[in-house]
Participant: 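Dumping the structure here so I can ask a few things about it.
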Amino acid sequence: MSPAVSIGRVTHPPMIRRLVLLALVVVLIVSGCSSGYQDLPEARAAQVGTTSDINPRDPATLRDGGNLRLPLTEFPANFNELNIDGNTSDTGSIVTPTLPGAFITQPDGSLKLNTDYFLGAELTGSNPQVVTYTINPKAMWNDGTPITWEDLKAEVDACSGRDKRYLIASRAGFERVQSVTRGVDDRQAVITFTQPYAEWRGMFAGGMQPRSMTANPDVFNTGQLDAPGPSAGPFVVSTLDRASQRIVLTRNPRWWGPRPRLDSITFLVLDASAIIPALQNNDIDAAGVGSLDDMVTAQRTPGIVIRRAPAPTWYHFTFNGAPGSIVADERLRLAICKGINRQAIVNVVQHGLTSHPAPLNNHIFVSGQLGYENNSAPGDYNPDQARRDLDALGWKLNGSVREKDGKQLSVRDVFFDAQSTRQIAMIAQQNLAQIGIKLVLDPKPGTGFFSQYVGVGDFDIVQFGWVGNAFPLSALPQIYTSDGDSNFGRIGNSAIDAKIDETMSELDPDKARALANQVDTMIWQEGFNLPLFQSPGNIAVRSDLANYGAFGLADVEYTAIGFIQG
């Protein structure tokens, strides 16, 4: 599922499943209907992989100039997305319009070559697997350095996982590369694999970094803490104002592709509760719609429309399986899963946002994506079975809370402090209390959430989301292997590792998807995490904004975004 570029079209880095904080404002479901809600259009069920809703217009007909204003939840801690601390949706939003990539994802999930950066990216050998990338001779970094085969080699070396000094977000694909060599000239890279890699197109599909940022581990880890490194997109970061929490992108004067319609893109760090009011006050131009109240407020705001295309972003509970954790035993984790009513959570979170709220039942594919199957049986809601399982594990009721060897079954749930996340935690708390588990709610601020709590395993359960894309298999080694770079719960086993290796080595897409679902079934059986729901993808946007809105699986064409004339 994992969550996520063209010259003229810039995509999120598909090889990395990005972290995201849920910043929805959830309304409680009460009996009866609030007045004024009945005139809302019917919300769609969450299905990705079919369409985008972006008010498509010929860029040539749009106004030349303008500033697109977008919200952020936090100022990035690291502008290097390949680094574990930079692997967040906020960082991706900022740097995606500035970085190169080889493929553009279409609304249906299919790929096309991004010829602004690459004239070819082809499988040129199968035994061993060889991929040849031919770089557009016009492509250069904004410091004037040409993009060459050495940039691809340095990124492979950094992200392969072989040098542990590199604090990488994902090694998916990179660890299988035997060599990256110069082709017919400096503008061609020949990549030879030691093992086949199913999603090779995802390795350089977007978010590529220059070798000046990847060749040295210290630079890789800390060289972009204060500002991004050299870029090569239609936009460059021109203003970083930490005092006012504002970041501005402007047109790249060295850009060789289609001229962007916008003059600039401005990002403002806002508290979750301030985003919809900022849209009302004409301080920003687009915002995610996270609740029925958000929907009503946005639709009643003059000049605002709702655009809809379900997204591959999904929210979950992750467990801490590290030795010494109270939930280190997978049998206990599975009992907890059986004690949480996911449908009740979805009913609250997606009330009014989709016509058929439903839990997500797969760790790899989202609903509507090719390959999606319901493998959730081991984690399905069954409180009676959960009670029996807890009894069998020796956790006996003592009053309202179970105990074992004099220790209470008290589990700490860490989450980003927002109304929505607190509501999710409270529902789980109520559910688990009914089977004798005390869920302690531990809300945390958004700043430093991943680096201070998630990344260091300071949780029993943690709530956050993954941003996916058209390369769902890339999440397998990143998140679900025993030593995965984003396996924050340190849960895994050799059988799953072997099945993931088999899946990633399968070049037949249909067979690879079938193997991936075998992996998903195994992940459910070990209680790795508990998927809750995927985003219905409702976006409130200014009505005169074109080529922007709910993108679904598709990549954003940043040079095409603009405002309608008039």
Participant: Could you tell me if the side chain of Gln452 sits less than 4.5 Å from the side chain of Asp458, heavy atoms only?
Facilitator: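 No - every pair of side-chain heavy atoms lies 4.5 Å or more apart.
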
Participant: With the side chain counted from C-beta on, respond yes when Leu249 and Thr239 share a heavy-atom pair under 4.5 Å apart, and no when they do not.
Facilitator: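 When only atoms from C-beta onward are counted, Thr239 and Leu249 do not touch, as no gap falls below 4.5 Å.
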
Participant: With ring centroids as reference points, do Tyr117 and Trp256 lie under 6.0 angstrom apart?
Facilitator: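 Yes, ring centres under 6.0 Å apart.
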
Participant: Between Thr214 and Gln209, is any side-chain donor less than 3.5 angstrom from a side-chain acceptor?
Facilitator: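 Not at all, the side chains of Thr214 and Gln209 share no donor-acceptor pair under 3.5 Å.
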
Participant: Quick one: are the ring centres of Phe459 and Phe415 less than 6.0 Å apart?
Facilitator: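 No.
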
Participant: Could you tell me whether Asp263 and Arg251 make a salt bridge, using a distance below 4.0 angstrom between a side-chain N and a carboxylate O?
Facilitator: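 Salt bridge present between Asp263 and Arg251.
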
Participant: So do the side chains of Gln534 and Thr313 get within less than 4.5 Å of each other, counting heavy atoms only?
Facilitator: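 Not in contact.
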
Participant: Does the side chain of Leu70 reach to within under 4.5 Å of the side chain of Leu268, using non-hydrogen atoms?
Facilitator: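 They are not in contact (no side-chain heavy atoms under 4.5 Å apart), so the answer is no.
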
Participant: How far does CG of Asp151 sit from CE of Met213, to the nearest 0.5 angstrom?
Facilitator: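 One finds 11.5 Å between CG of Asp151 and CE of Met213.
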
Participant: Looking at Arg242, is its backbone amide N or carbonyl O close enough to the side chain of Gln245 to form a donor-acceptor pair, meaning the two atoms are under 3.5 Å apart?
Facilitator: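 Judged by distance alone, yes, a pair lies under 3.5 Å.
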
Participant: For the residue pair Asp271 and Ser273, confirm or rule out a side-chain donor-acceptor distance under 3.5 Å.
Facilitator: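 Their side chains do contain a donor-acceptor pair, which is all the 3.5 Å distance test asks for.
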
Participant: Taking Asp442 first and then Lys444, would you say they form a salt bridge - that is, a charged N and a carboxylate O separated by under 4.0 Å?
Facilitator: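 Looking at Lys444 together with Asp442, the answer is yes, because their closest N to O distance falls below 4.0 Å.
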
Participant: In terms of side-chain geometry, is the basic nitrogen of Arg308 or Asp53 positioned less than 4.0 Å from the acidic oxygen of its partner?
Facilitator: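 No.
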
Participant: Do we see a donor-acceptor contact under 3.5 Å between the side chains of Ser451 and Asp85?
Facilitator: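 The answer is no; no qualifying pair exists.
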
Participant: Can you check whether His316 and Phe464 have ring centres sitting under 6.0 Å from each other?
Facilitator: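 Here the rings of Phe464 and His316 have centres that are less than 6.0 Å from each other.
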
Participant: Would you tell me whether Ser291 and Asp293 have side-chain atoms, one donor and one acceptor, within less than 3.5 Å of each other?
Facilitator: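 Their side chains do not contain a donor-acceptor pair, so the 3.5 Å distance test is not met.
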
Participant: Would you mind reporting whether Leu360 and Tyr372 have side-chain heavy atoms less than 4.5 Å apart?
Facilitator: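 Heavy-atom side-chain distance check passes, below 4.5 Å.
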
Participant: Would you say the side-chain atoms of Ser160 pair up with the backbone N or O of Phe174, donor to acceptor, closer than 3.5 Å?
Facilitator: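 Between the backbone of Phe174 and the side chain of Ser160 there is no qualifying donor-acceptor contact (under 3.5 Å).
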
Participant: Checking Thr250 against Ser238: is there a side-chain donor and acceptor pair closer than 3.5 Å?
Facilitator: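 Thr250 and Ser238 do have a side-chain donor-acceptor pair below 3.5 Å.
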
Participant: Do the charged groups of Asp64 and Arg259 touch, with an N to O distance under 4.0 Å?
Facilitator: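 Looking at Arg259 together with Asp64, the answer is yes, because their closest N to O distance falls below 4.0 Å.
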
Participant: So does Phe551 get a backbone contact from the side chain of Ser52, meaning a donor-acceptor N/O pair under 3.5 Å?
Facilitator: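 Here the side-chain-to-backbone pair exists.
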
Participant: Apply side-chain hydrogen bond (donor to acceptor under 3.5 Å, both in side chains) to residues Ser244 and Asp241 and explain how you reach the verdict.
Facilitator: CA-CA 6 Å; Ser244 65; Asp241 190 339; 3.0 Å; yes

Participant: With no hydrogens and no angle check, is any side-chain donor or acceptor of Glu155 less than 3.5 Å from a backbone partner on Leu152?
Facilitator: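 Between the backbone of Leu152 and the side chain of Glu155 there is no qualifying donor-acceptor contact (under 3.5 Å).
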
